[in-house]
Amino acid sequence: MYYGTNRGLVKAVDDVSFDVNEKDALGLAGESGCGKTSAALAILRLLPTNGQVVDGKIEIEGQDILKLSEKDLRETIRWKKVSVIFQGAMNALHPTYKIGDQIAEAIIKHEPGVKKEAAMARARQLMQLVGMDASRVNRYPHELSGGMKQRSVTAMALACNPSILIADEPTTALDVIVQAQVLGVMKDLRSRLSVAMILISHDLSIIAETCNKTAIMYAGKIVEYGDTVAIFKEPLHPYTQKLIAAFPSVLGRRTELSSIRGFPPDLLDPPSGCRFHPRCEQAMEICRKAEPVSKKSGNLKRIVACHLY
Amino acid sequence: MATLSASWHVTYTEAKNLNEEIAVDVQSLTKHFILKMGLFKTLVTKQTLEVHAVDDISFKIRKGEIFGLVGESGCGKTTTGRMLVRLIQPTAGKVVFQGTDLVSLKSDEEMRRLRRKIQIIFQDPYESLNPRMSIFDIVAEPVRIQKITENEEEINKMVTQALEDLDLVPAEEFMYRFPHEMSGGQRQRVAIARAFILRPEFIVADEPVSMLDASIRSEVLKLLINLQKRLNTSFLYITHDVAISRHMCEHVGVMYLGKIVEMGTSEDVIMKPLHPYTEALIAAVPVPDPTARRVEVVIKGEVPSAINPPSGCRFHTRCPYVMEVCKKKEPELIDLGERVVACWLRTK
């Protein structure tokens with residue numbers, strides 16, 4: 001997936017593969033600008049006009065999304081199969097419509113024939129599902145706190161019973177306690193509704209707590225991918241190791257914070273070979289020249305792209 | 001309440017080594033913002049509405065230590081930080097710095113002289129740097145305002161040193177850039193360089209890394225700590241991130257709705273929290289370890305409004321251990337030696 005800019009092509013997402021099964025929660029982690037949001041937007045073909053999927057395949061329940069017409073995509077996939085909670089969605093609620101009406105609108109628009117009454121009743125159910133009082137359907141967004149607004153957009157995303165829910169940084173603007181509450185709702189939904197989730201976050205600790213699979217992205221590439229417990233227990237890629245160590249643990253041993261020297265690369269002109277080599281402490285000669293291929297690592301259910309393995 | 005916190009002060013310091021020098025002594029600091037109302041409402045409402053942003057808080061920052069102020073948004077930690085450098089005029093209370101009460105200083109001229117020794121680092125490096133000034137001018141500005149020297153060569157030397165302190169090397173490469181040509185992490189380093197250039201004795205850092213990515217965050221924090229240690233600067237570190245406060249600070253104060261509810265060494269407070277709010281705050285922090293089993297103390301609801309804070313203990317509306325007394329009477333800070341806590345559960 002590339003972006004055309006007037007300074008050249010930005011390879012925002014470069015040869016990225018992952019799969020999400022029913023009841024899975026996949027965490028897409030990485031620093032800002034690593035392409036995690038672009039990868040997610042590409043799934044629903046929601047890229048801005050200068051963005052284009054150059055090559056690859058996106059299959060949802062056997063259907064190739066890239067081959068669908070815009071109309072089919074809108075009528076059968078978006079909201080019904082896959083829905084997105086965009087970053088900052090809670091601030092995009094319409095300020096002069098009641099929450100319930102906004103959720104009902106989504107239902108009526110996508111399922112023609114559903115009456116207003118029935119849609120409102122579903123809106124109430126959805127709100128209870130995310131831990132809100134059903135009477136709040138009559139509230140305006142400004143009457144709700146941040147946590148409640150985030151719950152509302154989550155309820156809205158679930159309006160048409162999607163099988164995949166993509167959440168882009170769902171808790172970044174929230175305080176820790178409210179964040180824990182919202183993440184609790186998400187975990188609860190996953191187990192109750194058998195909805196698959198893709199959680200995009202720069203915060204590894206959130207992913208560690210909510211996802212069973214993790215993909216670590218760096219400069220448009222997935223550098224490591226596999227079971228969350230395995231990745232956090234024994235990270236293989238030097239970038240993953242550094243990233244995990246950069247998070248101070250609140251109750252663990254008090255160690256010196258580790259950091260990654262340097263800055264993320266410019267994707268207009270990514271480094272040769274392995275894109276992480278200028279910042280990698282274990283860089284070898286080959287890393288500068290050849291790009292590492294993704295390899296299955298041993299008997300661990302893990303894929304890693306690094307010359308060390 | 002005011003007298004009580006004053007007496008607590010004495011015992012707290014006496015328990016500690018008396019030769020530990022205090023850099024900043026905050027006493028019963030209070031800030032109530034008066035809510036602006038329309039004409040009609042003013043005529044109808046009998047009293048003015050006040051936001052109790054900070055209510056009678058006291059703490060001491062020892063020389064050369066990093067003191068952390070932890071809490072959720074709206075708890076008054078930023079207001080406190082700004083009062084300490086007098087960007088906000090407190091309603092009541094004292095901030096004693098080197099024997100002078102900053103609050104009682106009348107003229108800006110007197111304050112300006114002290115500003116050489118007191119600096120602040122703001123949260124957002126995208127807003128705190130003037131986009132039309134070069135990095136050189138931004139970092140040199142304190143030198144020029146304080147008229148440390150007029151000699152351009154000397155200023156150049158100081159700016160170079162300041163940038164190099166923050167690992168912006170070679171300094172010449174960054175000096176002539178403008179803020180938009182730098183990444184968030186680099187900008188925040190510039191903001192820190194500007195705060196340190198006059199070698200101040202006390203710095204308030206208001207969430208200096210909350211806008212930065214995790215990998216860059218720890219790099220900036222490391223540079224900050226190294227510089228702080230080398231120059232023996234006293235620090236007030238304001239953050240919502242309990243994990244960072246544990247790594248950064250020797251002492252922390254936990255704030256809730258304008259009050260300090262618990263205070264002590266960061267290790268004690270975080271590993272053995274005594275106040276139910278502290279406990280909940282720590283339990284809510286996600287842990288970067290998927291196998292970690294943690295106590296689930298998730299409290300309900302969100303922080304109530306500071307316009308009419310709850311009666312009694314301000315936390316009683318959300319507290320899982322609430323008792324009858326909590327709703328009626330405000331708990332006082334209890335001195336437990338190295339530790340203070342304001343909770344009826346701990347009152348014997």
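Just so you know, these numbers come straight off a predicted model, no measurement behind them. Every chain is numbered from 1, with letters handed out A, B, ... down the list of sequences.
- Although no hydrogens or angles enter the test, the distance criterion places a donor-acceptor pair under 3.5 Å between the side chain of Asp213(B) and the main chain of Ser32(A).
- Checking each of Val242(B), Ile244(B), Val285(B), Leu221(B) against Pro248(A) for a side chain to side chain contact (heavy atoms under 4.5 Å, CB included) leaves exactly one that passes, namely Ile244(B).
- Taking Cys34(A) as the reference, Lys36(A), Met217(A) meet the side-chain contact (heavy atoms from CB on, under 4.5 Å) condition, with sequence neighbours excluded.
- Between atom NE2 of residue His202(A) and atom CG of residue Leu212(B) there is a gap of 10.0 Å, rounded to the nearest 0.5 Å.
- In this structure, Asn212(A) and Pro290(B) have side chains that are not in contact, with every pair of non-hydrogen atoms separated by 4.5 Å or more.
- You'll find the side chain of Thr291(B) stays beyond 4.5 Å of the side chain of Lys233(A), heavy atoms only.
- Here CZ of Phe247(A) is found 12.0 Å from NE2 of His247(B). Values are rounded to the nearest 0.5 Å.
- Proximity to chain B (any heavy atom under 4.5 Å) is shown, for Ile260(A), by both the backbone and the side chain.
- Distance check, rounded to the nearest 0.5 Å: CG of Asp289(B) to OG1 of Thr228(A) gives 11.5 Å.
- Taking all atoms of both residues into account, the shortest heavy-atom contact from Pro264(A) to Ile216(B) is CD-CD1, 4.2 Å.
- Atom CD of Glu173(B) has more than 12 heavy atoms from other residues, nucleotides or ligands within 6.0 Å.
- Residues satisfying the side chain to side chain donor-acceptor pair (under 3.5 Å) criterion with Gln123(B), sequence neighbours excluded, are Ser210(B).
- In this structure, CZ in Arg261(A) is found 11.0 Å from NZ in Lys222(B), a value given to the nearest 0.5 Å.
- Both the backbone and the side chain of Ser73(B) come within contact range of chain A, each with at least one heavy atom under 4.5 Å from a heavy atom of that chain.
- Annotation: side chain of Pro288(B) is not in contact with side chain of Glu209(A) (no heavy-atom distance under 4.5 Å).
- Note: Ser218(B) OG to Leu243(A) CG = 9.0 Å, rounded to the nearest 0.5 Å.
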Checking side chain to side chain contact (heavy atoms under 4.5 Å, CB included) for the pair Ile177(A)/Arg318(B): CA distance, chi angles, key distance, verdict? CA-CA 11 Å; Ile177(A) 290 178; Arg318(B) 300 167 79 196; 3.7 Å; yes
